[in-house]
Amino acid sequence: MKAAPRDQQRLLDLQELDSSLDRLAHRRRTLPEIAELAALQERANELRDRLVTAETDVSDLDREQVKAEQDVDQVRVRAERDSKRLDSGMVTSAKDLASLQSELASLQRRQGDLEEVVLEIMERREEAEGKVVALRAERAELEAALAEVTARKDRAEQEIDGQAELTRSARAGVAADIPADLLALHEKLREQFGGVGTAPLTRGQCQGCMLALNTSDLNRIRAAAPDDVVRCEECRRILVRTPESGL
């Protein structure tokens, strides 16, 4: 392939812009905020599960408390009924009176035991509710952190996207100066070799694969016409001769 030396030099300008775009894309993919958000989201998912469990515990204790209070009410009603019978003087039999007094005493003990159960449930519920409040506060802090990191990530991405847009515009101007066949070869090689299709020859070394050319290859390049498009024998990238090539 033939191409004017100026056009080959423009390939180096194009490659520099291509490399800049690759660096910007890599920077965008590896923003530290992305890792921060992933870690925060993992914490948020864990916190959500803990909060659901804590809220479920509160709901279960609410139902347990209602049931225990109903049991207390039932015993209290029976005790009040027996107490009224006892106070009414309607029970005259000594045996019935003793039985009623015994039942009333038993109900009063049962009521006391059930009230203790209610108090114990209320204490557990208070503790569970406190846990829910703490987890909700933690969730609010986490949501604020997520919002802050997301905003930072968005700003960084916007900055990178702006730089990339300017770089793409500059690249389009450079690409327009390069013959179509030479540009197509550069693009093909760039896809094959990790984004670098063209490299300068500097002090006898290909800056694409960073290998020094042997004497035979250097002699071949020295003998090539200025408009010959030469390739590195090691990596097959386009080699552009410059005053620093060591020829």
Side-chain angles (χ1 to χ4, degrees), residues 1-45 141-213 221 227-247:
M1 180 181 290
K2 297 282 188 178
R6 176 188 176 280
D7 293 335
Q8 295 186 45
Q9 292 294 326
R10 290 297 271 167
L11 273 184
L12 291 179
D13 298 334
L14 187 70
Q15 180 59 65
E16 179 56 35
L17 292 168
D18 286 335
S19 296
S20 294
L21 286 171
D22 289 342
R23 287 192 293 271
L24 287 169
H26 178 266
R27 180 182 162 199
R28 198 183 196 279
R29 291 193 303 270
T30 58
L31 283 171
E33 289 80 6
I34 294 175
E36 284 185 66
L37 282 174
L40 287 171
Q41 190 57 59
E42 183 176 353
R43 282 181 54 198
N45 292 340
E141 293 177 0
L142 194 53
E143 288 174 348
L146 279 165
E148 189 272 330
V149 175
T150 298
R152 278 198 283 117
K153 180 179 79 73
D154 291 345
R155 288 195 298 270
E157 288 178 343
Q158 289 172 4
E159 178 186 351
I160 292 170
D161 291 344
Q163 294 175 6
E165 183 60 32
L166 292 174
T167 305
R168 280 191 290 269
S169 178
R171 185 190 189 281
V174 173
D177 291 340
I178 300 173
D181 57 347
L182 184 61
L183 179 61
L185 177 61
H186 167 78
E187 297 286 16
K188 178 181 177 182
L189 294 172
R190 203 168 74 85
E191 291 181 6
Q192 292 177 354
F193 300 115
V196 179
T198 301
L201 176 64
T202 304
R203 292 184 293 277
Q205 184 184 59
C206 170
Q207 298 303 301
C209 61
M210 304 308 293
L211 294 177
L213 277 64
I221 294 173
D227 61 351
D228 282 340
V229 176
V230 299
R231 307 272 292 275
C232 174
E233 288 297 328
E234 296 295 335
C235 68
R236 300 306 297 160
R237 291 180 174 92
I238 298 171
L239 272 181
V240 176
R241 288 160 283 180
T242 72
E244 292 77 33
S245 292
L247 300 173

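In this text the structure is predicted, and so the values were computed from the model without any measurement.
- Of the possible polar contacts, none joining the Glu233 side chain to the Leu213 backbone as a donor-acceptor pair under 3.5 Å is found.
- Using a 4.5 Å heavy-atom threshold, the side chains of Leu11 and Val229 count as separate.
- Annotation: side chain of Glu16 is not in contact with side chain of Val174 (no heavy-atom distance under 4.5 Å).
- Heavy atoms of other residues, nucleotides or ligands lying less than 6.0 angstrom from CZ of Arg43 number 12 at most.
- Using a 4.0 Å cut-off between a side-chain N of Lys or Arg and a carboxylate O of Asp or Glu, Arg10 and Asp7 do not qualify as a salt bridge.
- Taking the charged nitrogens against the carboxylate oxygens, Arg152 and Glu148 do have a contact shorter than 4.0 Å, which makes a salt bridge.
- Of all the heavy atoms in Ile34 and Arg29, the pair that sits closest is CD1-O, 3.4 Å.
- The CG atom of Leu142 lies 8.0 Å from the CD atom of Gln41; values are rounded to the nearest 0.5 Å.
- Separating the CG atom in Leu17 from the CG atom in Asp22 is a distance of 11.0 Å, to the nearest 0.5 Å.
- Contact detail for Gly208 and Ala199: the closest heavy-atom pair is N-CB, 3.3 Å.
- When only modelled atom types and interatomic distance are considered, Ser169 and Glu165 share no side-chain donor-acceptor pair under 3.5 Å.
- When side chains are defined from C-beta on, Gln207 does not count as touching Val196, because their heavy atoms never get closer than 4.5 Å.
- One finds the NE2 atom of His26 at 14.5 Å from the CG atom of Leu21 (value rounded to the nearest 0.5 Å).
- Under the side-chain hydrogen bond (donor to acceptor under 3.5 Å, both in side chains) test applied with Thr198, the options Arg237, Gln15, His186 reduce to a single match, His186.
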**Item:** Working for side chain to side chain donor-acceptor pair (under 3.5 Å), residues Asp154 and Gln158
**Value:** CA-CA 6 Å; Asp154 291 345; Gln158 289 172 4; 6.0 Å; no
**Asked** Are Glu159 and Arg27 close enough, and set up right, to give a side-chain contact (heavy atoms from CB on, under 4.5 Å), and what steps lead you there?
**Response** CA-CA 11 Å; Glu159 178 186 351; Arg27 180 182 162 199; 3.9 Å; yes
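- One distance of note links CG of Leu239 with CG of Leu12; it measures 9.5 Å at 0.5 Å rounding.
- Nearest heavy-atom pair across Ser20 and Thr167 is CB-CG2, 4.1 Å.
- For Gln8 (side chain) and Leu182 (main-chain N/O), no donor-acceptor pair under 3.5 Å exists by modelled atom type.
- A distance of 11.0 Å separates CD of Glu33 from CG of Leu40, quoted to the nearest 0.5 Å.
- In terms of heavy atoms, Cys235 sits closest to Cys232 at N-SG, 3.5 Å.
- The local environment of NZ in Lys2 is crowded, with over 12 non-hydrogen atoms from other residues, nucleotides or ligands closer than 6.0 Å.
- The backbone N or O of Leu201 lies less than 3.5 Å from a partner atom in the side chain of Ser245, making a donor-acceptor pair.
- Side-chain atoms of Gln9 come within 3.5 Å of backbone atoms of Arg241 as a donor-acceptor pair (strictly under, hydrogens ignored).
- For the atom pair Arg190 CZ and Leu14 CG, the distance stands at 7.5 Å (nearest 0.5 Å).
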